[in-house]
Amino acid sequence: MNKKRTRLEVVRDILEVIRNKNGKIKPTHILYKSNLSHQMMSTYLTELIEKGFIVEQQTKSGRTYSITEKGLTYLSKYNMIVDFTNSFGLGEDEEF
Amino acid sequence: MSSTVYLVPQWFFGIDIALEILFAFVAGLIAYYAFKIYRLGNQRESELLGAGFLLIAISYIVRALLNIFVLSEASGGYRELSLARATMLGMLGIYIHFILFTAGLITLVYMTGKVKSERLYSLLLITTIILILMSNAPAVAFDIVSSVFVLYVFGYYIGEYPRHRNKKTLMIAGSFGLLFVGNALPLVLKSFGEAYVISHILELISYSLLFLTLFFTLRSNHNS
């Protein structure tokens, strides 16, 4: 059974998937790799675009997503974010 | 409103100012990193933590400036600060410190509540500040109110520890526990001078714990 993930972990997983695909990836690939429902994935992608972690591009073959500098910074500082969040008792209780 | 006289040991004047600047620095540092984490992780609680500690940092700066003002005015073995005789600037400084520190604590308490209600937050803020400012003894009211809020935050971190078993969470809980004792001391000790000194020492230990927590957190990312 899959271990439940926090919001920070889900964001990390999505960004890693996009980064590992050389920065350009289709939604179906994210859906497959991120282990989320379609609705949850759409919600997260919308949020990540709004917050500037990823950008969406429309190509002839459909939508693709690529990671931004801010997204890469999130990944590089992920451990610190998690440690700070856990130490100071931040973060939501919900898990995915 | 009645006037209140505080007797602060002369030997401690100057030391208290230095400590308050140090507390402001540590609180400001936590606020800085909390906002940085918020920009990266977009967690509302990070932003609230940053805002809370920023308000507390500014309140300490105000208090330090107030004490510098008193230091330049007073003379003799024991320095007296009488609210009735203090200038408008001194009174204003005290109340600004009360308001900012209380607002900072309320922000932290609100963060721990994990509810999203600006109405509730503003209600808590406004009623508490009115309570303190309209009291016949604002300093006593401030000590009581701030002790209660600090106790709430202490209880929150004690409850948080079992979630991740993170020792830094225990350090933060310990920090707020010491802050509670420091805030409550003037209410129980008859000598204000003793309470003032001991409170500052307890705050020093408390902010040292917070600083160490932050240091170890940043170091863990550097080593990973």
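Below, all heavy atoms of this structure are taken into account, side chains as well, without hydrogens, waters or symmetry copies. Naming: A, B, ... by sequence-line order, numbering from 1 per chain. A quick note: this is a predicted structure, and the numbers were derived from the prediction, not measured.
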Heavy-atom distance under 4.5 Å to chain A: side chain of M171(B), backbone, both or neither?
neither
Ranked by heavy-atom pairs below 4.5 Å to chain A, first place among N42(B), T169(B), L210(B) goes to N42(B)
Verdict with reasoning, D83(A) to L218(B), per side-chain contact (heavy atoms from CB on, under 4.5 Å)
CA-CA 9 Å; D83(A) 199 12; L218(B) 297 176; over 6 Å; no
Report the distance from atom CD of Q43(B) to atom CZ of F84(A), rounding to the nearest 0.5 Å.
10.0 Å
What part of S46(B) lies closer than 4.5 angstrom to a heavy atom of chain A: side chain, backbone, both or neither?
both
Residues in side-chain hydrogen bond (donor to acceptor under 3.5 Å, both in side chains) with T128(B), at least two apart?
none
Report the residues that fulfil side-chain hydrogen bond (donor to acceptor under 3.5 Å, both in side chains) with S175(B), sequence neighbours left out, ordered by chain and then residue number.
S206(B)
Residue-level interface, residues 197-204 of chain B with chain A, non-hydrogen cut-off under 4.5 Å
none
For chain A, which residues of residues 25-41 of chain B have at least one non-hydrogen atom nearer than 4.5 Å to it?
I30(B), Y33(B), A34(B), I37(B), R39(B), L40(B), G41(B)
Flag the pair L90(A) / M111(B) as yes when at least one side-chain heavy-atom distance between them is below 4.5 Å, and no otherwise.
yes
Y157(B) side chain vs S87(A) backbone, donor-acceptor pair below 3.5 Å:
no
Can you tell me how far CD of E45(B) sits from OG1 of T85(A), rounded to the nearest 0.5 angstrom?
9.0 Å
